[in-house]
Enquirer: 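Let me begin by handing over the structure; questions about it come next.
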Amino acid sequence: MIALISVLLVAQVAQPAPSREPEQPEGLPPDRLQKIQAALQEEKLDGWLLYDFRGSDPIAARVLGLSTRGPRSRRWYCYLPARGVPQKLVHAIEPHSLDGVPGQISTYASWRVRDRELGRILRGARRIAMQYSPRNEIPTVAKVDAGTLELVRSLGPEIATSAELVARIESVLTPDELASQARAAEIIAQMQEATAQEAARRIRDGRPATERDLLDFASQRMQEAGLVDGGPLVAVDAHAADPHSTASDGVAGRNSLLLLDFTGRIDTGPHAIQGDLTRVYFLGERVPDEIQRVAVIVFQARDAALDLLRQRWSAGRPVTGADVDHAAREVIERAGFGDHVLHRTGHSIDVRVHGDGVNNDDFETRDGRRHLAGTCSSVEPGIYLPNRFGIRSEVDVCLLEGGKVEVRGGEPQRAVPALLAPPQ
């Protein structure tokens, strides 16, 4: 889904419960620490320094398994070495900030003691990871402020980006999590079809629905189906040309284009993964040639990205998020619509609809990270003609062990259906 869910779900629309971080047991279990240390060794890093000030780095909190409970108003640091015991540095008035994390703990009150203790913890470390991205190429992991980077560099270590580590630790899913994603995508596809048919029914009954009417309908159906932490985007005609449209006054009347972008997961637990699909429909008897022509280009761009993933993945060859994005955009640019691309080809998916793993992006940012087994992402190219209409086709793609690629949410669209066409 392109837009942020909190923006899309306007207050007047019946909607699922607002998105929230799933609660998990507090702390860093031994098996997760072992996984992190194995990744550090493979990346030839001496350690990973996690740092936070008043919630400045949610990734650090998730990596360490910290909940939002308890006061953490002062700066804390946690160094996870590639080998050995974690080292924690917390403020003296909040000595229990990292109690759920194993390892040795030191406290500080003054900045002078903080600098001395941090230097001691990092002594001998030559190259460490932090939530930093050179040139801010991957902003989702760029959480550490420049001053903290200056401080750590002054203590001796070279700082490398943690982007690869974050993808490996945060975005690789278990078989049960992958199964939950498949179920979410299946339900979303059903809800989109039901919403499109409701729009068509309302036209046949002589009382066309507004975008708000369809938002209400879709939100209620999604709740009844058990989807949470998400919701619908409904855009009609010119509103579909705005990927972040929050309008709700458009009328889904006869001969309107209808774009539906739905997201959600099957429960609020820590292991239910988001589904995120977009489909387009035409509320008339025959799809205009221009709409069908633009849609075919978008579908071809989507398929080019999927074909690249299948070819590389099945052959055991690396494929980056930038590669996938380029494959889709090349189709659109070759067709002469390059100036009407407004966003990347796709994003990582986990418990958050926009996850911390590899994004299919060499447009908004340059994500040169390689896709990993057991991960999901969206493939959603779009063409947007201002004040006229927009076409986006979004599917969820999961990369499995053994070179298998699964496209979730049913058969991808090959054409825009005309929902008021007479029966054949």
Side-chain angles (χ1 to χ4, degrees), residues 2 4 21 28 32-33 35-66 75-82 86 101 122 125 127-153 157-173 273-274 318-325 343-372 374-378 399:
I2 301 301
L4 295 174
E21 288 294 320
L28 179 64
R32 187 168 173 84
L33 174 59
K35 180 181 178 181
I36 291 170
Q37 290 185 316
L40 287 166
Q41 292 167 31
E42 288 184 28
E43 297 289 335
K44 296 181 170 52
L45 292 163
D46 294 311
W48 189 357
L49 181 61
L50 302 171
Y51 155 79
D52 183 80
F53 177 59
R54 298 181 182 176
S56 61
D57 186 1
I59 293 175
R62 290 197 293 268
V63 168
L64 297 178
L66 304 178
R75 290 170 289 187
W76 58 257
Y77 306 80
C78 183
Y79 182 60
L80 304 178
V101 180
L122 295 176
R127 185 167 177 264
I128 66 171
M130 293 187 74
Q131 261 74 289
Y132 148 76
S133 178
R135 295 174 53 84
N136 199 26
E137 286 186 337
I138 304 178
T140 54
V141 300
K143 304 297 184 184
V144 178
D145 63 277
T148 299
L149 292 172
E150 291 171 354
L151 168 63
V152 174
R153 284 183 176 129
E158 173 192 350
I159 298 175
T161 180
S162 64
E164 295 279 1
L165 290 170
V166 169
R168 293 180 64 166
I169 301 305
E170 287 290 289
S171 69
V172 176
L173 308 174
I273 306 303
Q274 290 275 354
V319 56
T320 69
D323 293 334
V324 176
D325 179 75
H343 57 76
R344 63 194 173 191
T345 295
H347 55 82
S348 169
I349 296 174
D350 54 33
V351 295
R352 292 159 297 280
V353 70
H354 288 201
D356 294 322
V358 177
N359 297 315
N360 294 315
D361 192 3
D362 193 22
F363 181 69
E364 297 181 52
T365 68
R366 182 181 181 277
D367 200 329
R369 292 177 292 179
R370 292 174 298 177
H371 277 290
L372 304 170
T375 60
C376 290
S377 64
S378 71
L399 304 178

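Model, not experiment: these values are computed from the prediction.
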Enquirer: Is there a side-chain contact between C78 and V101 (heavy atoms, below 4.5 Å)?
Expert: yes
Enquirer: Looking only at non-hydrogen atoms, find the nearest pair between S171 and S348 and report the distance.
Expert: CB-OG, 4.3 Å
Enquirer: May I have the step-by-step check of side chain to side chain contact (heavy atoms under 4.5 Å, CB included) for L122 and Y77, ending in yes or no?
Expert: CA-CA 11 Å; L122 295 176; Y77 306 80; over 6 Å; no
Enquirer: Rounded to the nearest 0.5 Å, how far apart are CZ of R168 and NZ of K35?
Expert: 8.5 Å
Enquirer: Where is the tightest heavy-atom contact between V141 and A163, given as atom of each residue plus distance?
Expert: CG2-CB, 4.0 Å
Enquirer: Would I159 and L149 satisfy side chain to side chain contact (heavy atoms under 4.5 Å, CB included), going step by step from the backbone distance to the final call?
Expert: CA-CA 8 Å; I159 298 175; L149 292 172; 3.7 Å; yes
Enquirer: Do T148 and Y132 have side chains that approach each other closer than 4.5 Å (heavy atoms only, starting at C-beta)?
Expert: no
Enquirer: For the CZ atom of R352 and the CD1 atom of I273, what is their distance to the nearest 0.5 Å?
Expert: 8.5 Å
Enquirer: So which heavy atom on H371 is nearest to which on N360, and how close?
Expert: NE2-OD1, 2.7 Å
Enquirer: Roughly how far, to the nearest 0.5 Å, is the CG atom of L49 from the CD1 atom of I128?
Expert: 5.0 Å
Enquirer: Which pair of non-hydrogen atoms, one from P139 and one from T365, has the smallest distance, and what is that distance?
Expert: CD-CG2, 3.5 Å
Enquirer: Going by atom types alone, do W48 and Q37 pair a side-chain donor with an acceptor below 3.5 Å?
Expert: no
Enquirer: Work out which heavy atom in A82 is nearest to a heavy atom in Q41; give both atom names and the distance.
Expert: O-NE2, 2.9 Å
Enquirer: What do the steps show when you test W76 against L66 for side chain to side chain contact (heavy atoms under 4.5 Å, CB included), and what is the final call?
Expert: CA-CA 12 Å; W76 58 257; L66 304 178; 3.7 Å; yes
Enquirer: I need the E158 CD to L45 CG distance, nearest 0.5 Å.
Expert: 9.0 Å
Enquirer: To the nearest 0.5 angstrom, please state how far the CG atom of D367 sits from the OG1 atom of T320.
Expert: 7.5 Å
Enquirer: Can you list the residues that meet the salt bridge (Lys or Arg N to Asp or Glu O under 4.0 Å) rule with R32, with sequence neighbours excluded?
Expert: E170
Enquirer: Go through R62 and D356 one step at a time and tell me if the salt bridge (Lys or Arg N to Asp or Glu O under 4.0 Å) criterion holds.
Expert: CA-CA 11 Å; R62 290 197 293 268; D356 294 322; 2.3 Å; yes
Enquirer: Take H347 and D361 through the side chain to side chain donor-acceptor pair (under 3.5 Å) test and state the conclusion after the steps.
Expert: CA-CA 8 Å; H347 55 82; D361 192 3; over 6 Å; no
Enquirer: Do you know the tightest heavy-atom contact between N136 and A142?
Expert: OD1-CB, 3.2 Å
Enquirer: I'd like to check the salt bridge (Lys or Arg N to Asp or Glu O under 4.0 Å) partners of D325; sequence neighbours left out, ordered by chain and number.
Expert: R329
Enquirer: Taking side-chain contact (heavy atoms from CB on, under 4.5 Å) as the criterion, tell me which of I59, V166, D52 meets it with K143.
Expert: I59
Enquirer: Show your reasoning for whether side chain to side chain contact (heavy atoms under 4.5 Å, CB included) applies to L165 and I36.
Expert: CA-CA 8 Å; L165 290 170; I36 291 170; 5.9 Å; no
Enquirer: When you check the side-chain N and O atoms of H354 and N359, is any donor under 3.5 Å from an acceptor?
Expert: no
Enquirer: Please check if the side chain of R369 supplies one atom and the backbone of G321 the other of a donor-acceptor pair under 3.5 Å.
Expert: no
